[in-house]
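Everything on this sheet refers to the single structure shown next.
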Amino acid sequence: MKPEEIKPDTELCTIIGYNAQTGDRRRYFNKILKANGLNATAIALNIKDEHFAFTMENLANSKVNRMMIEPEFQAEVVKYCDVLDERSKVRGLVGFIEVVDGKIMGYNLDVAIDELVDNPEFFDDRMTLALRMMLLAKRWYGAKVDLDLVPTII
């Protein structure tokens, strides 16, 4: 979605990372939203290490309520979460957060991906990321999970 296409009713989420603007998470996620005809987009927030703590400490009081975390911050974000799902606790990594009633909830979709495909070991990193973004688009915006769409996304 181009900036001029964002309207007042466009649903927004955020991706945070060093190169969130140009990363595959944003690109794949927005392709999935577009393929599903959804009026939503991921807005990137490129940050450096020195800005991460400030951003996370102020997140619960901001307008952001859905955020994807790029790999470079997935371990560090754990300490800012009020609640973690079981997989985030086990792995020590948070892939995305949701702010609910002022609390930061951390989640990891690895188990959901394993349950989605018969042989996850046959999926490379890009394919797994595309699946992760599909699952997240479904959770946040009701997008369809379509394994046949994976090659088109990547």
Side-chain angles (χ1 to χ4, degrees), residues 1-47 52 55-56 58-74 77 80-88 91 93-154:
M1 186 172 277
K2 296 176 185 164
E4 62 272 9
E5 295 175 310
I6 297 173
K7 306 293 182 213
D9 63 338
T10 302
E11 293 203 50
L12 303 174
C13 65
T14 304
I15 301 176
I16 189 171
Y18 295 148
N19 297 303
Q21 180 70 29
T22 57
D24 286 340
R25 269 178 179 66
R26 181 173 181 269
R27 192 166 45 97
Y28 292 1
F29 193 76
N30 284 339
K31 279 184 179 182
I32 293 163
L33 296 174
K34 187 173 183 172
N36 280 270
L38 296 167
N39 183 19
T41 192
I43 303 296
L45 179 59
N46 290 344
I47 64 167
F52 182 74
T55 302
M56 293 308 299
N58 292 288
L59 181 64
N61 297 319
S62 74
K63 292 183 179 186
V64 175
N65 60 10
R66 297 174 179 153
M67 181 184 285
M68 287 176 251
I69 313 298
E70 288 281 2
E72 60 268 20
F73 293 118
Q74 288 182 355
V77 77
Y80 295 98
C81 293
D82 298 303
V83 178
L84 295 171
D85 71 342
E86 274 310 305
R87 192 63 180 159
S88 293
R91 296 242 16 241
L93 299 172
V94 170
F96 70 94
I97 57 176
E98 296 171 349
V99 179
V100 179
D101 296 327
K103 293 191 182 297
I104 300 173
M105 321 289 273
Y107 300 93
N108 183 302
L109 290 172
D110 291 348
V111 172
I113 291 170
D114 291 346
E115 293 171 354
L116 181 64
V117 296
D118 293 329
N119 297 308
E121 63 273 6
F122 293 127
F123 283 73
D124 66 15
D125 290 344
R126 293 181 313 151
M127 294 168 73
T128 301
L129 179 59
L131 290 174
R132 184 174 284 116
M133 294 300 96
M134 273 189 204
L135 290 168
L136 195 52
K138 178 183 179 185
R139 178 184 178 104
W140 286 349
Y141 303 112
K144 288 185 250 176
V145 174
D146 181 357
L147 297 179
D148 293 333
L149 190 59
V150 170
T152 304
I153 294 168
I154 58 177

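With sequence neighbours excluded, no residue forms a ring pair (Phe, Tyr, Trp, His ring centres under 6.0 Å) with Tyr141. Under the side chain to side chain contact (heavy atoms under 4.5 Å, CB included) criterion, Val64 pairs with Thr14, Leu59, Ser62, Met67, sequence neighbours left out. Every residue was checked against the side chain to side chain contact (heavy atoms under 4.5 Å, CB included) condition with Asp125, not counting sequence neighbours, and none meets it. In terms of the side chain to side chain donor-acceptor pair (under 3.5 Å) criterion, residue partners of Asp9 (sequence neighbours excluded) are, by chain and number, Asn39. Take Glu98 and apply the side chain to side chain donor-acceptor pair (under 3.5 Å) test, not counting sequence neighbours, and it matches Arg139, Trp140.
Rounded to the nearest 0.5 angstrom, Met134 CE and Leu131 CG are separated by 6.0 Å. A distance of 7.0 Å separates CE of Met133 from CZ of Phe29, quoted to the nearest 0.5 Å. Taking OG1 from Thr152 and CG from Asp146, the interatomic distance works out to 8.5 Å, rounded to the nearest 0.5 Å. Distance check: Ile69 CD1 to Arg25 CZ gives 9.5 Å after rounding to the nearest 0.5 Å. Here the OG1 atom belonging to Thr41 is positioned 3.5 Å from the CG atom belonging to Asn30, to the nearest 0.5 angstrom. Taking NZ of Lys103 as the reference point, atom CG of Asp82 lies at 5.5 Å (rounded to 0.5 Å).
The two residues Ala130 and Val150 have their closest heavy-atom pair at CB-CG1, 4.1 Å. Residue Ala137 comes nearest to Ile32 through the heavy atom pair CB-CG2, 3.7 Å, listed as atom of the first residue, atom of the second, then distance. Across all their heavy atoms, Ile97 and Val94 have their closest contact at CG2-CG1, 3.6 Å. The two residues Met105 and Val100 make their nearest non-hydrogen contact at CG-CG2, 4.1 Å. Here the shortest heavy-atom pairing between Ile104 and Met56 reads CD1-O, 4.0 Å. Ala35 and Leu149 get closest at one heavy-atom pair: CB-CD2, 3.9 Å.
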- Step-by-step side chain to side chain contact (heavy atoms under 4.5 Å, CB included) determination, Glu70 to Ile16: CA-CA 6 Å; Glu70 288 281 2; Ile16 189 171; over 6 Å; no
- Derivation of the side chain to side chain contact (heavy atoms under 4.5 Å, CB included) call for Ile15 and Leu45: CA-CA 6 Å; Ile15 301 176; Leu45 179 59; over 6 Å; no
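Without hydrogens or angle criteria, Arg26 side chain to Ala42 main chain gives a donor-acceptor distance under 3.5 Å. A donor-acceptor pair under 3.5 Å links the side-chain atoms of Asn46 to the main chain of Gln21, judged by distance alone. Between the Asp124 side chain and the Arg126 main chain, a donor and an acceptor come within less than 3.5 Å of each other. Of the possible donor and acceptor atoms, none in the side chain of Ser88 sits under 3.5 Å from a partner among the backbone N and O of Leu84.
Taking the six-membered ring for Trp, Tyr80 and Phe52 have ring centres closer than 6.0 Å.
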Which pairs of donor and acceptor atoms, one on a side chain in residues 106-113, lie under 3.5 Å apart (sequence neighbours left out)?
{"from": "Asn108", "atom 1": "OD1", "to": "Asp110", "atom 2": "N", "distance (Å)": "2.9"}
{"from": "Asn108", "atom 1": "ND2", "to": "Leu93", "atom 2": "O", "distance (Å)": "3.2"}
{"from": "Asp110", "atom 1": "OD1", "to": "Arg132", "atom 2": "NH2", "distance (Å)": "2.6"}
{"from": "Asp110", "atom 1": "OD2", "to": "Arg91", "atom 2": "NH1", "distance (Å)": "2.0"}

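Under a cut-off of 6.0 angstrom, the local environment of NZ in Lys31 is crowded, with over 12 non-hydrogen atoms contributed by other residues, nucleotides or ligands.
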